[in-house]
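Model, not experiment: these values are computed from the prediction. In what follows, chains are A, B, ... by sequence order, proteins preceding strands, each numbered from 1. We use all heavy atoms of the structure for the numbers below, so side chains are in, but hydrogens, waters and symmetry mates are not.
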2 protein chains.
Amino acid sequence: MPEDLNTGLLLFLPYRAMETRVLEELAAAGFDDLTPSQARVFQRIAPGGSRLSDLARQAGITKQSTGFLVDQLERLGYVRRVPDPDDGRARLVQIADRGRRGVEASRAVVARVEAEWEAHLGKRRMTQLRDILADLREITDPWR
Amino acid sequence: MPEDLNTGLLLFLPYRAMETRVLEELAAAGFDDLTPSQARVFQRIAPGGSRLSDLARQAGITKQSTGFLVDQLERLGYVRRVPDPDDGRARLVQIADRGRRGVEASRAVVARVEAEWEAHLGKRRMTQLRDILADLREITDPWR
DNA sequence: AGAAGATGGTAAGAGAATCTGACATGTTTG
DNA sequence: CAAACATGTCAGATTCTCTTACCATCTTCT
């Protein structure tokens, strides 16, 4: 079949492959209580912690849904909430101990998958891919 | 912030942007009864029709979930089900009239968004992006 | 041909994820 | 200060997805 897939779908396939691999290998490493939705929120927490609204915007879901998922992550020990020193209304969602270990484990999986992709594409094209995507981000990331 | 996003997230951002744009502009054009989940299944129907199981595999969800969404698409007039002449067990999900018009409308939106991307990236890098993604598909598409 | 297994699809019920609307509280701005 | 805005929560409904179980048909093997 002559390939004429739209670029959106073409982007989706490797994205989904990466997500699946990370979740699978994380589960095998003992982090088997994470759901895809929880992970999608979790992965966006900034080093010093993030506000709920920011996480919601980045994940593209409502604050309510985000709160629902953060509650679960908190109960599972992946994150904690602390008051935001700069804003009395806000709280910061920070990565807790179990979360920290999860981040390390997932970083390893991501590196492995990226290495596989690079082995298939070649170093040069893998770099091109990342460059182009980073550039595209400027007009497709509603967040930053 | 130094940009070190993992490639999965970098892929996700433009994918999501494309999906959002298509759904928004489709809604504005009168196709306001489509949900994202329905659209994700619908967009994978092959020209001559597809089997439910194939759609399920491609979308990465169960046959039951797919059936649930196809039921809705059928009720909304986007698809119809006909017996598969080659297999008495199977039925083909085919695009119906309203679906056909939706396909045309969405094709136009996709073309517009791709043009915007190309204007930002330049023709050369847009082509490179598509080439690389098509290549990456060989090891990340569980379907074909 | 007949049995065993694989494949296509549906049914029922439960759980997860998401949304809308309303609200309390704190912050920023005119 | 008052008005507008932002942060987060609560309550309730809806949508989406999964698991388990099942039936019908097709394919393969003996």
Side-chain angles (χ1 to χ4, degrees), chain A residues 12 16 19-20 23-24 27 32-46 48-76 78-94 142-143, chain B residues 12 16 19-20 23-24 27 32-46 48-76 78-94 142-143:
Chain A
F12 175 77
R16 178 73 169 238
E19 186 180 75
T20 303
L23 254 354
E24 274 176 5
D32 56 351
D33 48 2
L34 268 182
T35 68
S37 294
Q38 289 163 8
R40 280 192 280 268
V41 167
F42 179 75
Q43 81 175 327
R44 285 173 161 94
I45 300 174
S50 296
R51 293 188 186 172
L52 193 64
S53 334
D54 290 347
L55 294 177
R57 266 190 290 271
Q58 292 178 62
I61 57 177
T62 60
K63 292 182 296 178
Q64 294 89 324
S65 299
T66 308
F68 176 78
L69 295 167
V70 168
D71 283 347
Q72 301 174 17
L73 287 167
E74 194 170 25
R75 246 179 287 118
L76 294 170
Y78 286 97
V79 308
R80 68 171 154 267
R81 292 194 234 216
V82 303
D84 184 335
D86 299 337
D87 191 329
R89 298 166 298 181
R91 295 204 277 164
L92 288 178
V93 179
Q94 291 183 333
W143 171 232
Chain B
F12 174 78
R16 179 74 170 239
E19 185 179 75
T20 303
L23 256 353
E24 274 175 5
D32 56 350
D33 47 3
L34 269 181
T35 68
S37 295
Q38 290 163 7
R40 280 193 280 268
V41 167
F42 179 74
Q43 81 175 327
R44 285 173 162 92
I45 300 174
S50 297
R51 293 187 185 171
L52 192 64
S53 334
D54 290 348
L55 293 177
R57 266 191 289 272
Q58 292 178 61
I61 57 178
T62 61
K63 291 183 296 177
Q64 295 85 331
S65 299
T66 308
F68 175 79
L69 295 167
V70 169
D71 283 346
Q72 300 174 20
L73 287 168
E74 195 170 25
R75 245 180 288 119
L76 293 170
Y78 286 97
V79 308
R80 68 171 154 267
R81 293 193 234 218
V82 302
D84 184 336
D86 299 338
D87 191 328
R89 298 166 297 180
R91 295 205 276 164
L92 288 178
V93 179
Q94 291 182 333
W143 172 234

- [ ] Report yes if some heavy atom in the side chain of L55(A) is under 4.5 Å from a heavy atom in the side chain of L69(A); otherwise report no.
- [x]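 A side-chain contact under 4.5 Å is absent here.
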Could you state the atom-to-atom distance from [atom1] of [X] to [atom2] of [N] in whole Å?
| X | N | atom1 | atom2 | value |
| --- | --- | --- | --- | --- |
| R91(A) | dG26(C) | CZ | P | 13 Å |
| L92(B) | dG9(C) | CG | C1' | 13 Å |
| D84(A) | dG26(C) | CG | P | 14 Å |

Open item on the list: If you assign each of A90(B) and R40(A) to its closest nucleotide in DNA chain C, which residue comes earlier from the 5' end?
Closed with: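 In this pair, the answer is A90(B).
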Just to verify, what does [X] make a side-chain hydrogen bond (donor to acceptor under 3.5 Å, both in side chains) with, not counting sequence neighbours?
| X | value |
| --- | --- |
| S37(A) | none |
| R16(B) | none |
| T62(A) | S65(A) |
| T20(B) | none |

Open item on the list: Less than 4.0 angstrom between a side-chain N/O of S65(A) and OP1 or OP2 of dC19(C), yes or no?
Closed with: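 For dC19(C), OP1 or OP2 has a side-chain N or O of S65(A) closer than 4.0 Å.
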Open item on the list: It should be established whether Q72(A) places a side-chain nitrogen or oxygen under 4.0 Å from OP1 or OP2 of nucleotide dA17(C).
Closed with: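 Answer yes for this pair, as a side-chain N or O of Q72(A) is under 4.0 Å from OP1 or OP2.
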TODO: Not counting sequence neighbours, list each pair that qualifies as a salt bridge (Lys or Arg N to Asp or Glu O under 4.0 Å) and has a residue in residues 33-43 of chain A.
DONE: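 Only E19(A)-R40(A), D33(A)-R98(A) qualify under salt bridge (Lys or Arg N to Asp or Glu O under 4.0 Å).
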Open item on the list: Quick test of your reading: applying salt bridge (Lys or Arg N to Asp or Glu O under 4.0 Å), list the pairs with at least one residue in residues 61-73 of chain B, sequence neighbours left out, ordered by first then second residue.
Closed with: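 Matches after skipping sequence neighbours: D71(B)-R81(B).
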Task: Interface with DNA chain C, restricted to residues 51-63 of chain B and to heavy atoms under 4.0 Å - done: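 Contacting residues: R51(B), L52(B), S53(B), R57(B), K63(B).
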TODO: Test for a donor-acceptor pair under 3.5 Å between the base of dG21(C) and the side chain of Q64(A), counting only N and O atoms.
DONE: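 Such a pair exists between side chain and base.
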Task: Partner of D84(A) under salt bridge (charged side-chain N to carboxylate O under 4.0 Å, His left out), chosen from R89(A), R91(A), R51(A) - done: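 Output: one option passes, namely R51(A).
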Which residues pass the side-chain contact (heavy atoms from CB on, under 4.5 Å) test with [X], not counting sequence neighbours?
| X | answer |
| --- | --- |
| R80(A) | V82(A), Q94(A), A96(A) |
| A39(A) | L23(A) |
| Q43(B) | N6(A), L9(A) |

List every contact pair, protein side and nucleotides 27-30 of chain C side both N or O, where the distance is under 3.5 Å.
{"residue": "dT27(C)", "atom": "OP1", "partner": "G88(A)", "partner atom": "N", "Å": "2.8"}

Open item on the list: I'd like the 5' and 3' limits of the part of DNA chain D contacted by chain A, with heavy-atom contacts below 4.0 Å.
Closed with: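 The contact span of chain A on DNA chain D goes from dA6(D) to dC10(D).
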